[in-house]
Amino acid sequence: MIQKQFDIRFPAEWEEQSGAMLTWPHVDSDWREIMVEVIPCFVSIAQEIIKREKLLIVCRNIAEVKRDLGNVDLKQIVFREIESNDSWARDHGPISITVNGNPFICDYAFNGWGMKFAANLDNQINKKLYASKAFDPSIAYQSMLHCVLEGGSIESDGCGTLLTSTECLLSDNRNEYKSKEEIGDYLKLMLGIERILWLNHGYLEGDDTDSHIDTLARFCTPQTIAYVQCLDMHDPHFEALHAMEKELKSFLTIDNKPYQLIALPMADVVMDNHCRLPATYANFLIINKAVLMPFYNSPKDAIAQECLQKAFPDREIVGINCLPLIKQHGSLHCVTMQFPKSIKFAAADSTA
């Protein structure tokens, strides 16, 4: 077990990366009815990632995924055949840290967002990835299965500050045996965090995650937070998101200054079977030299893209049609997990 006296660091997403991870959809998951829609979305994400960094793909059948991908640079991809329940790599994928400068992948428990959905296979992916030698031998593995922690629930600024929501971390069937203070102390110990900014407000209809922070507010730099703003007083989200905005305005940086806040528009309503889906522009992925952001076939896509360009002036902002993803109540950041440059992959897959 990692001890407190060690120098532990949880990198920010915008730092240089070695690559990212996708867990490929399959017909025995909730994607069954819309495979023809969702596969092109995953292909688009994969294509953009491999232009800039390596890609680790967890899948049931490598040959099938290669057919899905078509004519791409396979030397940029490491494949591993591992069974999965679903495709939400953000929450079942490894969380990367360094300990005394040495890279670790941490395998926290994933229980289907508080036992809402089956996750028995997803919860074994990280252990199997490590056993399959998907990573360079220099990378250490740490089992943290005594604690439920999803990557979408935490945001790091790389400088010792964590942004999260009480709604998620204190929710039932995760770690409710711990108080807020105990959970905070644990995160500080295990992630090397000095302080935690807790959001007590903010939600999206149709969200299964209990208000994951990556659907609401995101660090863009240690001084900048992009967040979802709702201006329509008739929207059911208005009150909660307005309260969240007030909380964000009250937060101070580690230098005791107000954060630069960049408001992202509230996505237009997306419905499925008479239910509103949790479409959000905050669910973007930062990769080397680019930001991949969800588009929803809306005029607001361009507005959100312009807002993110202000947050990331030196990166290309690339829109990906995520309407298929949102049908399963998640978006672009939810299906990906990035790795900092210290987490090196194995050589391109030799078993495929």
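Fair warning: this is a prediction, and the values are worked out from it, not measured in the lab.
- Considering only heavy atoms from C-beta on, P294 stays 4.5 Å or farther from I320 through its side chain.
- Under 3.5 Å, the side chains of N85 and N120 contain a donor-acceptor pair of N or O atoms.
- W31 has its side chain out of reach of H26: every pair of non-hydrogen atoms, C-beta onward, lies at least 4.5 Å apart.
- Under the ring-ring contact (aromatic ring centres under 6.0 Å, His included) rule, H146 has a single partner from Y177, Y186, Y108, which is Y186.
- When side chains are defined from C-beta on, I49 counts as touching L292, because their heavy atoms get closer than 4.5 Å.
- Put simply, the side chain of I57 does not reach to within 4.5 Å of the side chain of K66, judged on heavy atoms.
- Annotation: cation-pi geometry satisfied between R218 and F284 (NZ/CZ under 6.0 angstrom from ring centroid, within 45° of ring axis).
- If you check the side chains of R9 and T98, you find no donor sitting under 3.5 Å from an acceptor.
- With respect to D272 and K327, no salt bridge is recorded, no charged nitrogen being found less than 4.0 Å from a carboxylate O.
- No side-chain donor-acceptor contact under 3.5 Å links D255 and T253.
- Side chains of E150 and C168 form a contact here, defined as non-hydrogen atoms less than 4.5 Å apart.
- A centroid separation of less than 6.0 Å is found between the aromatic rings of Y203 and H237.
- For the residue pair W24 and N61, no side-chain donor N or O sits within less than 3.5 Å of a side-chain acceptor on the partner.
- Residues K116 and D210 are paired through a salt bridge, judged by an N-O separation under 4.0 Å between the basic side chain and the carboxylate.
- No side-chain donor from either of R52 and Q76 sits under 3.5 Å from a side-chain acceptor of the other.
- Side chains of N200 and T166: a donor-acceptor N/O pair is present below 3.5 angstrom, by distance only.
- Looking at W88 and D122, their side chains never bring a donor and an acceptor atom within 3.5 Å of each other.
- Residues V270 and A279 come closest through the heavy atom pair CG2-CB, 4.0 Å.
- Contact annotation: the side chain of I95 never approaches that of I105 to less than 4.5 Å [non-hydrogen atoms, C-beta and beyond].
- Taking the charged nitrogens against the carboxylate oxygens, D28 and R60 do have a contact shorter than 4.0 Å, which makes a salt bridge.
- Note that K133 lies outside the cation-pi zone of F345, set by a 6.0 Å cut-off to the ring centre and a 45° limit from the axis.
- Using a 4.0 Å cut-off between charged nitrogen and carboxylate oxygen, D157 and R195 do not count as a salt-bridge pair.
- Checked against the 6.0 Å centroid threshold, F295 and Y281 do not count as a close aromatic pair.
- Comment: K128 does not engage E81 in a salt bridge, judged by the lack of any side-chain N to carboxylate O separation of less than 4.0 angstrom.
- Residues S165 and H212 have side chains that never bring a donor and an acceptor to within less than 3.5 angstrom of each other.
- In this structure, a donor-acceptor pair under 3.5 Å is present between the side chains of Y141 and D107.
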